[in-house]
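Everything on this sheet refers to the single structure shown next.
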There are 2 protein chains.
Amino acid sequence: MGKAERTQAVILDAAEARFAEAGYDTVSMRDVADGAGVPLGLINYHFGSKEKLFEAVIARRADELNTRRREALVQIGKAAPTTIEAVLRAFLRPYLELTRDGGPGWRSYGKLIAQTGQSHRWGNLITNRFGEVAGLFIDALAKAEPRLTREMAARGYVHMVSIMVGIFAANETLDIVSSGKVTSGDVERACDSAIPFLAGAFEGLAASATAPSPAE
Amino acid sequence: MGKAERTQAVILDAAEARFAEAGYDTVSMRDVADGAGVPLGLINYHFGSKEKLFEAVIARRADELNTRRREALVQIGKAAPTTIEAVLRAFLRPYLELTRDGGPGWRSYGKLIAQTGQSHRWGNLITNRFGEVAGLFIDALAKAEPRLTREMAARGYVHMVSIMVGIFAANETLDIVSSGKVTSGDVERACDSAIPFLAGAFEGLAASATAPSPAE
DNA sequence: GTCTATAGGCTGATAGAC
DNA sequence: GTCTATCAGCCTATAGAC
């Protein structure tokens, strides 16, 4: 790794941590420069603008996560028939493993994705980065549970993403609503409980496709 | 309604719409003033600061939503035994009805809540406003499905909120991942499909509490 | 209650020395 | 590649006329 690349990594790490903590708009380029221990001008030299710096922060780990998820999907594709639960694991486990073992930056990244995904402003950035793999997983869900229509699979996928984002953002909502009895920091435990939750959810959704509602 | 209150409502409406669209930090007090058609100084006269203006925007509809949810919970409490599905409806339907019939401001509010809930900065604001009703619903979930531990009920509640927020934020994620075949704008349809999804989810979670996992 | 003018500070970006 | 100095613009908040 050249000197320039190492400098860029330091800047990306600092930007990631600050953006995750305080939000893109609140953090100034000076904050990032101070956090990285580099002069202000160097950031613009390497990344061009604040906006491009942010995009680079998002892109860095998105690529790694997408690769691992693709691999996990290929793995379970070999063993037929594929179950919904296997697809859920292929989606959640790569993220869990990276968050647990991939260094502290992944914790920041989780918080960052949560903010970015809900801001209208970065919508294209997120869907450009994650849209392709999303299509793969919607296909896998529909294949694993034939009762699911395409619409249901897509809706279910979006719900799954909402839950996933909430887990890896690890904000304190859970701690507070549980009066401190459950901690949001234990992402492994959160994933373990999310699997049966989501497996049941897709089962319930599939069942509602075949059984008419009581009102009808 | 006095003149001052009407002016405040106009300011709140403009602030809500702009904040929802572009985010708190991006929107300036000048933007809000222009949107409301009032001079800049008037906003600080009525609300004191930008931060307090934002809190007022959040509080206004939170109080109304909490009241309706409480009422819905009381209603289903009268008919024993309470089902998970009834609790889900008590949680989602008031929000749906307000979003559908309560005027365009509720659409903005949905987007705003999504952003606010994921920003570390406003965490206390959200939990202060919604925490009490959250406790009521966690109790109701645990009562409706005795197999659920308190921890499971709390986790499930948080997941339910994640999904709800995603639905009412109505961002374009769903439209994009479904290649335009499903629209996120139809919140009624989204709620209808979320009910069996979540009912199945709590069923799956409860089942996982009694049945040991295959690995054990 | 409403409106105007302005103070004081921080922002992103860059020109130019090394 | 790295670092410093600086510019022009925008921000929130407020003092004071009406």
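The structure displayed is predicted, hence computed values, not measured ones. In what follows, chains carry the letters A, B, and so on, assigned in the order in which the sequence lines appear, proteins first and then strands, with residues in each chain numbered from 1.
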A:R30 CZ to D:dC3 P: how many Å, rounded?
-> 16 Å
Is it true that A:D13 and A:R18 have a side-chain N and a carboxylate O under 4.0 angstrom from each other?
-> no
Using whole Å, report how far NZ of A:K50 lies from P of D:dG9.
-> 19 Å
May I have the distance from A:M29 (atom CE) to D:dC10 (atom P), rounded to whole angstrom?
-> 18 Å
Result for salt bridge (charged side-chain N to carboxylate O under 4.0 Å, His left out) between B:E64 and one of B:R60, B:R61, B:R68 points to B:R68
Nearest whole angstrom, please: distance from the C1' of C:dA13 to the CG of A:D31.
-> 16 Å
Taking only N and O in the side chain of A:T7, is any of them less than 4.0 Å away from OP1 or OP2 of D:dG1?
-> no
Starting at CD of B:E51 and ending at C1' of D:dA13, how long is that distance when rounded to a whole Å?
-> 13 Å
Does A:S49 put a side-chain nitrogen or oxygen below 4.0 Å from OP1 or OP2 of C:dG12?
-> no
Does the cation-pi check pass for B:R155 over A:F197, that is, NZ or CZ under 6.0 Å from the six-membered ring centre and within 45° of its axis?
-> no
Between A:S28 and C:dC10, does any side-chain N or O lie under 4.0 Å from OP1 or OP2?
-> no
Crowded around A:R189 CZ? As in, over 12 foreign heavy atoms under 6.0 Å?
-> no
Taking only residues two or more places apart in sequence, or in another chain, which ones meet A:E97 in a salt bridge (charged side-chain N to carboxylate O under 4.0 Å, His left out)?
-> A:R93
Donor-acceptor pair, side chain of B:K111 and main chain of B:A169, under 3.5 angstrom = yes
Using a cut-off of 4.0 Å on non-hydrogen atoms, how would the nucleic acid contact of B:V27 be classed: base, sugar-phosphate, or nothing?
-> sugar-phosphate
Under 4.0 Å from any atom of DNA chain C, heavy atoms only: list the residues of residues 34-47 of chain B that qualify, in numerical order.
-> B:P39, B:G41, B:L42, B:Y45, B:H46
